[in-house]
Amino acid sequence: MKILARHLTADLFNCQNNQLTDKELILDMLKTILQDLQIPLINCVTESPDSEHDAFIFILDKGHITLHVYPQLKYVALDVFLCQENAEPDKLGQAIRNFFKPDKTKTTVLKRGDFGAPKEIKPKVKTKVAPLRKIHNTGAKVIRILARRNNNQQ
């Protein structure tokens, strides 16, 4: 398999950072991350397609980043496409996640290129949940199980 690029998509849910409406702060954060990771930036565009969200598009030397920020929903959609076989979009994605501080993240990583076998096309999907949400979810499961047992015993 010849990998031409790596593509990361991430959905960041319930972002805790209250700076979701500060476009300049988000632009500065992205530029700083690119500089720290030594990824050359060609151009960036900021758009507000509607009153509910802002879009940030970064054209890189070898790839692009798009970021859609929905402040009212506390939701961020991220795409990172890096045109290198050994690219590490996860590092970039992690830095952006650290800025927005989401409760839950759904990430998909794709290898783009010439695949020899159809089974190699399936993407790998990861879901991360913040520790407090894990505790809440586990507690809710335990309560449901105990309630079912109690109903079955009666």
Side-chain angles (χ1 to χ4, degrees), residues 3 5-60 62-84 86-112 119-151:
I3 298 172
R6 295 185 187 269
H7 188 177
L8 174 132
T9 63
D11 294 304
L12 311 178
F13 301 98
N14 197 24
C15 294
Q16 298 302 309
N17 192 323
N18 58 4
Q19 307 298 338
L20 290 171
T21 56
D22 191 339
K23 293 181 192 177
E24 289 303 316
L25 183 65
I26 294 170
L27 279 171
D28 290 344
M29 173 270 302
L30 285 167
K31 288 177 182 177
T32 300
I33 290 171
L34 291 173
Q35 199 171 38
D36 291 348
L37 295 175
Q38 298 177 348
I39 299 173
L41 172 65
I42 303 292
N43 194 13
C44 64
V45 178
T46 304
E47 289 291 326
S48 296
D50 55 44
S51 62
E52 297 178 10
H53 88 286
D54 297 309
F56 301 85
I57 303 164
F58 282 71
I59 309 301
L60 308 176
K62 294 184 179 180
H64 68 269
I65 299 169
T66 57
L67 189 69
H68 292 267
V69 179
Y70 296 80
Q72 293 173 340
L73 300 174
K74 294 184 178 182
Y75 170 74
V76 175
L78 168 68
D79 277 351
V80 177
F81 189 91
L82 299 177
C83 303
Q84 297 167 317
N86 60 347
E88 297 178 299
D90 288 340
K91 286 184 179 180
L92 191 54
Q94 183 61 48
I96 293 169
R97 280 191 299 268
N98 289 343
F99 176 79
F100 288 112
K101 300 179 179 93
D103 275 351
K104 184 177 179 183
T105 304
K106 180 180 178 188
T107 305
T108 303
V109 179
L110 301 168
K111 294 176 186 173
R112 308 300 291 266
K119 69 178 181 177
E120 294 175 347
I121 295 174
K122 187 174 181 181
K124 294 181 175 82
V125 178
K126 297 179 192 174
T127 301
K128 293 184 180 183
V129 179
L132 288 177
R133 181 166 314 247
K134 283 183 185 178
I135 292 168
H136 172 76
N137 292 348
T138 302
K141 286 179 187 176
V142 169
I143 289 170
R144 283 194 303 270
I145 290 169
L146 292 175
R148 274 190 232 131
R149 284 186 186 170
N150 192 22
N151 287 339

- Donor + acceptor pair across side chains of Lys106, Thr9 (<3.5 Å): no

- Consider only side-chain N and O atoms of Asp90 and Gln94, and report whether a donor and an acceptor are under 3.5 Å apart.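 The answer is no; no qualifying pair exists.
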
Under a 4.5 Å cut-off applied to non-hydrogen side-chain atoms, are [X] and [Y] in contact?
{"X": "Lys23", "Y": "Phe56", "result": "yes"}
{"X": "Leu110", "Y": "Thr108", "result": "yes"}
{"X": "His68", "Y": "Asp54", "result": "no"}
{"X": "Lys74", "Y": "Leu12", "result": "no"}
{"X": "Val69", "Y": "Leu67", "result": "yes"}

Which value, rounded to the nearest 0.5 Å, describes the distance between [X] atom [atom1] and [Y] atom [atom2]?
{"X": "Lys62", "Y": "Ile42", "atom1": "NZ", "atom2": "CD1", "answer": "11.0 Å"}
{"X": "Ile65", "Y": "Leu78", "atom1": "CD1", "atom2": "CG", "answer": "7.5 Å"}
{"X": "Leu92", "Y": "Leu30", "atom1": "CG", "atom2": "CG", "answer": "7.5 Å"}
{"X": "Met29", "Y": "Glu24", "atom1": "CE", "atom2": "CD", "answer": "12.5 Å"}
{"X": "Leu34", "Y": "Phe58", "atom1": "CG", "atom2": "CZ", "answer": "6.5 Å"}
{"X": "Leu20", "Y": "Tyr70", "atom1": "CG", "atom2": "OH", "answer": "13.0 Å"}

Specify the closest pair of heavy atoms between [X] and [Y], including all atoms of both residues, with the distance to one decimal.
{"X": "Glu52", "Y": "Pro71", "answer": "O-CD, 3.7 Å"}
{"X": "Pro102", "Y": "Arg97", "answer": "CD-O, 3.3 Å"}
{"X": "Ile33", "Y": "Ala95", "answer": "CD1-CB, 3.6 Å"}
{"X": "Phe81", "Y": "Ala5", "answer": "CZ-CB, 3.6 Å"}
{"X": "Thr107", "Y": "Thr105", "answer": "OG1-CG2, 3.4 Å"}

- Message: Between Gln16 (side chain only) and Asn14 (backbone N and O only), is there a donor and an acceptor less than 3.5 Å apart?
- Response: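 Yes, because the side chain of Gln16 sits within donor-acceptor range (under 3.5 Å) of the backbone of Asn14.
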
- Query: With distance as the sole test, does Asp28 use its side chain to make a donor-acceptor pair with the main-chain N or O of Lys31 at under 3.5 Å?
  - Reply: no

- Any chance you could lay out the side-chain contact (heavy atoms from CB on, under 4.5 Å) test for Phe13 and Asp103, step after step, and finish with the verdict? CA-CA 6 Å; Phe13 301 98; Asp103 275 351; 5.9 Å; no

